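Take a look at the structure below.
Predicted, not measured: the structure shown is a model, and the values here were computed from it. Naming: A, B, ... by sequence-line order, numbering from 1 per chain.
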There are 2 protein chains.
Amino acid sequence: MLTTEEMCRKFRALGLKVTPQRRFIFQVLEGNPHHPSAEAVYAEVRAFIPEISLATVYNTLRELVDLGELRELNLGDGKSHYDPDLSNHQHLVCVRCHAVADVTCDIGGLTLTPEQSRGYRLLGTDVTFYGLCPACQQQADWPGQALHLWGVSPAA
Amino acid sequence: MLTTEEMCRKFRALGLKVTPQRRFIFQVLEGNPHHPSAEAVYAEVRAFIPEISLATVYNTLRELVDLGELRELNLGDGKSHYDPDLSNHQHLVCVRCHAVADVTCDIGGLTLTPEQSRGYRLLGTDVTFYGLCPACQQQADWPGQALHLWGVSPAA
DNA sequence: TCCTCAGTTTAGAATGGTTATCGTTTAATG
DNA sequence: CATTAAACGATAACCATTCTAAACTGAGGA
């Protein structure tokens, strides 16, 4: 994502207004490494603008995603998370507590041949790793093999 | 997923009962290449058991996922889809209409080094390709670059 | 075959994240 | 300032999924 000031300029250039609400949302997101959910962004922004509406947060996040300034992540906990880091990286998600670690690994070899892509125009590739974070490995209450996740092929 | 008869045996062996509802759900799923949603399974099963409850479909799907007999997929349309094909394959999803094509590509090289995995115990890796299906490429109403998806890095 | 009971089903209510509605307010332009 | 399209806030609506509680039933044993 661009810096807050750059985002403000970009919004104005697109005919979108820069409101205090939006500026604070930009600031909360700028450089944020925590992959916050909409609710988490809402909570942070309310420290500055207590009367802000959750709908405004959702609207602004959506706009940033549509502008390609924000990545929307599915971490398997049923809510969207947001990542202002647009650099080429992947995520390693704890299947128990949904903690996230950024990882960077070369996915250059991951391409589809023309016959594999079946006429689709390829736009992007998502690679997500699933595992147990260090803290959750200590807990005994994990049922083991059960990986009721979204399309996970077993680890090598 | 196992065949319907094998699933019935497996359920009994685990102390789970085999009801008509469950047997028909097994049959709808067996060899099903359409990545159906819960609602879609419900619609199909109702052709045989009109009085079945949607909750029963959800419960049975959940059980199969927990048993490792069914893969739960997130195709970006806000609902879970189910895939009885447990073989090592990936999915190519249309970002506009959410059509899905199975693809098989070697993800053997996709591993994390110990320092990359940061103490996580790696359990699985999800690779999903996003694109525009042939039919949707014909439509002019696609806004172009907008990829408000779940964590997609741009195509090479 | 019949009993028994843990496990299952059902309808409908509840939940939770997200989006839509709509009347009011406001940023940006001139 | 005046204008106006855009944005805001409050809250209702939406939708996939899960929960609840009462009624039902599969499967092993008497």
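The interatomic distance linking B:L14 (CG) with C:dG7 (P) rounds to 12 Å, in whole Å. A:E63 places its CD atom 12 Å from the P atom of C:dT19, with the value rounded to the nearest Å. Distance A:L16 CG to D:dC8 P: 10 Å, rounded to the nearest Å. Protein atom CZ of A:R12 is 9 Å distant from nucleotide atom C1' of C:dA27, rounded to whole Å. Rounded to whole Å, the distance from CZ on B:F24 to C1' on C:dT8 is 17 Å. D:dG9 atom P lies 14 Å from atom NZ of A:K17, rounded to whole Å. Taking atom NZ of residue A:K79 and atom C1' of nucleotide D:dT18, one finds them 16 Å apart after rounding to whole Å. Atom CG of A:N59 is separated from atom C1' of D:dT11 by 14 Å (rounded to the nearest Å).
Nearest to the side chain of A:T19, among C:dT18, C:dA27, D:dG26, sits C:dA27. Set against D:dG9, C:dA28, C:dT9, the side chain of B:R22 has C:dT9 as its closest nucleotide. Listed candidates were D:dG26, C:dA28, D:dT17. Nearest to the side chain of B:A38 is D:dT17. Side-chain proximity of A:A55 to C:dT10, C:dA20, D:dT17: nearest is C:dA20. With D:dT25, C:dT10, D:dA10 as the choices, the nucleotide that has an atom nearest any side-chain atom of B:I52 turns out to be C:dT10. Here C:dT19 is the nucleotide among C:dG7, C:dT19, C:dA27 with the atom lying nearest to any side-chain atom of A:Y58.
Contact annotation: B:S80 side-chain N/O to D:dT17 OP1/OP2 distance is under 4.0 Å. Contact check, A:Q21 against D:dG9: a side-chain N or O comes under 4.0 Å of OP1 or OP2.
Between the CG atom of B:L70 and the CD1 atom of B:I25 there is a distance of 10.5 Å, given to the nearest 0.5 Å.
Cation-pi geometry between A:R22 and A:F26 is not met: the NZ or CZ atom fails to fall both under 6.0 Å from the ring centre and inside 45° of the normal.
The heavy-atom pair separating B:Q116 from A:V103 by the smallest distance is O-CG1, 3.4 Å.
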- Going through the distances and angles, do B:T4 and B:Q27 end up as a side chain to side chain donor-acceptor pair (under 3.5 Å)? CA-CA 6 Å; B:T4 298; B:Q27 270 168 21; 4.7 Å; no

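As judged by a 4.0 angstrom heavy-atom cut-off over every strand, A:E39 is placed among residues making no nucleic acid contact.
Residue whose closest nucleotide on DNA chain D sits further toward the 5' end, between A:T56 and B:P20: A:T56.
Distance alone, capped at 3.5 Å, places no donor-acceptor pair between the A:E69 side chain and the A:L64 backbone.
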